[in-house]
Trainee: 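Dropping a structure here in structure tokens format, bear with me for questions.
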Amino acid sequence: MKYLVLIFFIAFICRASGQKAGDIDLSHWRLELPTGYKASEWKLSNFQNDRFAKPFFYLDTLDGALVMEAYPAKGTSKSKYTRNTLREQLIPGSSEKNWTLEEGGILTTELQVVEMSKETTKKYHRTLLLQIHGTTSDEQEESLGISKSISLPLLSVYWQNERIRVVRRVLKDPSTNGDDLLKKDSWENDAGRYFGKKVSFDKIKLRVEASDGRVEVHLNDLKPFVYKDTNIRKWPFENYFNVGNYLQTKDYGSKSIVKYYELEASH
């Protein structure tokens with residue numbers, strides 16, 4: 001009898017401790033799978049037994065890593081490619097509240113690309129690992145007279161050519177001001193930058209620090225990329241972090257696997 005009580009007590013503690021994947025707390029993240037399926041909070045709390053999560057999203061019990069697999073799949077997502085991503089939620093179960101650069105945010109992660117398919121040219125495909133994503137606030141949408149939010153990334157970090165590449169949004173015209181800053185066509189991608197050292201399929205540490213007028217991207221112990229110009233100062237949107245394995249191809253037979261050992265967002 002005592003043995004049974006102990007089992008029930010342990011089960012209750014595990015359930016009450018929230019959504020966990022190894023050492024990763026999933027309670028502040030929402031999952032979107034390559035099928036287009038969007039997991040609610042309660043689904044993520046039991047993702048190991050969720051038939052929708054397999055085979056894309058699961059825990060490797062041997063090394064405690066959260067595994068995210070991606071390959072082109074038919075689904076309901078309107079994204080250009082099929083995504084396997086976690087979207088930050090400041091309030092668990094709600095995507096309404098986000099943060100500004102003035103409020104700031106830090107994303108810390110340890111990850112490993114363990115498998116990546118190749119193009120017909122034998123060049124590796126690429127995947128999007130993380131983003132600072134911007135979206136209009138309720139007040140901005142009311143000011144613009146729109147009912148649907150405007151959304152675009154401030155910063156994107158890719159695994160590309162066995163290296164880490166950072167791409168960000170910059171203004172086409174640096175003199176742009178006011179509501180024009182909220183228009184998608186006011187912004188464009190810059191040329192992007194590679195960290196010099198190849199990471200290939202090694203385990204790496206990435207940290208993104210966002211604050212008022214400044215964004216930093218850190219890879220392992222290399223010199224960070226620091227952005228502190230007009231584009232950052234004028235960024236008008238609220239923000240959230242996106243993390244995952246967003247494979248950037250529809251090629252038949254393409255596939256990528258990324259393992260996350262650590263994932264934490266703080267504000």
Side-chain angles (χ1 to χ4, degrees), residues 18-19 21 24-32 38-41 44 66 79 83 85-111 128-144 146-158 166-171 176-184 186-187 189-190 205-219 224-244 246 260 262-267:
Q19 301 143 243
I24 297 175
D25 181 0
L26 293 172
S27 59
H28 285 270
W29 300 91
R30 186 191 75 178
L31 174 68
E32 183 173 351
K38 295 181 180 180
S40 62
E41 181 185 1
L44 265 184
L66 179 63
S79 302
R83 64 167 68 237
T85 54
L86 287 163
R87 192 256 200 231
E88 180 192 19
Q89 294 183 317
L90 294 182
I91 300 175
S94 171
S95 298
E96 294 302 313
K97 182 174 175 54
N98 300 292
W99 49 273
T100 64
L101 288 183
E102 288 79 9
E103 294 167 326
I106 299 175
L107 180 72
T108 303
T109 183
E110 184 175 25
L111 63 94
L128 178 57
L129 297 173
L130 63 89
Q131 289 181 320
I132 297 176
H133 214 284
T135 185
T136 44
S137 65
D138 291 342
E139 292 77 11
Q140 289 170 332
E141 289 162 21
E142 184 177 348
S143 173
L144 293 173
I146 58 175
S147 58
K148 187 177 180 181
S149 62
I150 298 170
S151 179
L152 69 165
L154 167 61
L155 182 120
S156 302
V157 179
Y158 296 86
V166 180
V167 178
R168 65 179 184 131
R169 281 294 208 280
V170 293
L171 286 165
T176 302
N177 284 301
D179 285 347
D180 287 339
L181 291 170
L182 298 170
K183 297 177 180 179
K184 278 189 175 182
S186 292
W187 301 85
N189 284 338
D190 70 359
K205 289 188 176 183
L206 278 170
R207 187 173 82 256
V208 176
E209 300 180 8
S211 59
D212 190 7
R214 184 184 182 97
V215 174
E216 299 181 10
V217 183
H218 298 254
L219 170 63
F225 290 167
V226 178
Y227 304 99
K228 50 177 182 177
D229 55 17
T230 298
N231 304 290
I232 300 296
R233 290 192 297 272
K234 288 190 174 184
W235 185 253
F237 300 98
E238 293 187 344
N239 309 284
Y240 56 87
F241 290 119
N242 262 341
V243 179
Y246 189 6
Y260 283 86
E262 178 185 351
L263 175 61
E264 183 178 359
S266 59
H267 302 279

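All values below were derived from every heavy atom in this structure, side-chain atoms included, with hydrogens, water molecules and symmetry-related copies excluded. Just so we're clear, the structure is a prediction, and the values are computed from it rather than from any experiment.
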Trainee: Show, in sequence, the C-alpha distance, side-chain angles and deciding distance for Leu107 and Ile132, and conclude whether the side chain to side chain contact (heavy atoms under 4.5 Å, CB included) test is met.
Mentor: CA-CA 9 Å; Leu107 180 72; Ile132 297 176; over 6 Å; no
Trainee: Just jot down the side chain to side chain contact (heavy atoms under 4.5 Å, CB included) partners of Asp229, sequence neighbours excluded, or say none.
Mentor: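 Per chain and number, Asp229 pairs via side chain to side chain contact (heavy atoms under 4.5 Å, CB included) with Arg168, Asn231, Ile232.
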Trainee: Find out whether Leu152 and Phe237 are in side-chain contact, i.e. whether some heavy atom of one side chain is under 4.5 Å from a heavy atom of the other.
Mentor: yes
Trainee: Excluding sequence neighbours, so at least two apart, what forms ring pair (Phe, Tyr, Trp, His ring centres under 6.0 Å) with Trp99?
Mentor: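 Testing Trp99 for ring pair (Phe, Tyr, Trp, His ring centres under 6.0 Å), a comparison that skips the adjacent residues, returns Phe241, His267.
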Trainee: Go through the structure and list residues passing side-chain hydrogen bond (donor to acceptor under 3.5 Å, both in side chains) with Lys183, not counting sequence neighbours.
Mentor: Asp180
Trainee: Listed by chain and number, what are the side chain to side chain contact (heavy atoms under 4.5 Å, CB included) partners of Ser94, not counting sequence neighbours?
Mentor: Ile91, Glu96
Trainee: Does Arg169 have any side-chain hydrogen bond (donor to acceptor under 3.5 Å, both in side chains) partners at least two apart in sequence or in another chain, and if so, which?
Mentor: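 side-chain hydrogen bond (donor to acceptor under 3.5 Å, both in side chains) check on Arg169 returns Asn189.
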Trainee: What pairs with Thr108 under side-chain hydrogen bond (donor to acceptor under 3.5 Å, both in side chains), at least two apart in sequence or on another chain?
Mentor: none
Trainee: Within the side chain of Tyr260, is there an N or O that forms a donor-acceptor pair under 3.5 Å with the backbone of Gly244?
Mentor: yes
Trainee: For Phe225, give me all partners under ring pair (Phe, Tyr, Trp, His ring centres under 6.0 Å), at least two apart in sequence or on another chain.
Mentor: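 For Phe225 the ring pair (Phe, Tyr, Trp, His ring centres under 6.0 Å) partners, ignoring immediate neighbours, are Phe195.
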Trainee: Mind checking ring pair (Phe, Tyr, Trp, His ring centres under 6.0 Å) for His218 and listing every partner two or more places apart, or none if nothing turns up?
Mentor: none
Trainee: According to salt bridge (Lys or Arg N to Asp or Glu O under 4.0 Å), who are the partners of Glu216, at least two apart in sequence or on a separate chain?
Mentor: Arg214
Trainee: If the condition is side chain to side chain contact (heavy atoms under 4.5 Å, CB included), which residues does Glu139 pass it with, not counting sequence neighbours?
Mentor: Ser137
Trainee: Say whether, by atom type as modelled, one donor and one acceptor occur between the side chain of His28 and the main chain of Glu88 under 3.5 angstrom.
Mentor: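 No; judged by distance alone, with no hydrogens or angles, the pair does not exist.
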Trainee: Checking the side chain of Ser211 only, and the main-chain atoms of Glu102 only, is there a donor and an acceptor separated by less than 3.5 Å?
Mentor: no
Trainee: Could you check whether any side-chain heavy atom of Leu111 comes within less than 4.5 Å of a side-chain heavy atom of Val243, counting everything from C-beta outward?
Mentor: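 In short, these two side chains do not touch, never coming nearer than 4.5 Å.
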Trainee: For Thr135, check side-chain hydrogen bond (donor to acceptor under 3.5 Å, both in side chains) against everything at least two apart and list the hits.
Mentor: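 Once residues adjacent in sequence are excluded, Thr135 has no partner under the side-chain hydrogen bond (donor to acceptor under 3.5 Å, both in side chains) criterion.
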Trainee: Decide if atom CD of Glu103 counts as having more than 12 heavy atoms of other residues, nucleotides or ligands within a radius under 6.0 Å.
Mentor: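 Counting neighbours around CD of Glu103, more than 12 heavy atoms of other residues, nucleotides or ligands fall under 6.0 Å, so yes.
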Trainee: For Leu181, enumerate each residue passing the side chain to side chain contact (heavy atoms under 4.5 Å, CB included) test, keeping only those at least two apart in sequence or located in another chain.
Mentor: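 Checked Leu181 against side chain to side chain contact (heavy atoms under 4.5 Å, CB included); matches are Leu171, Thr176, Trp187, Lys234, Pro236.
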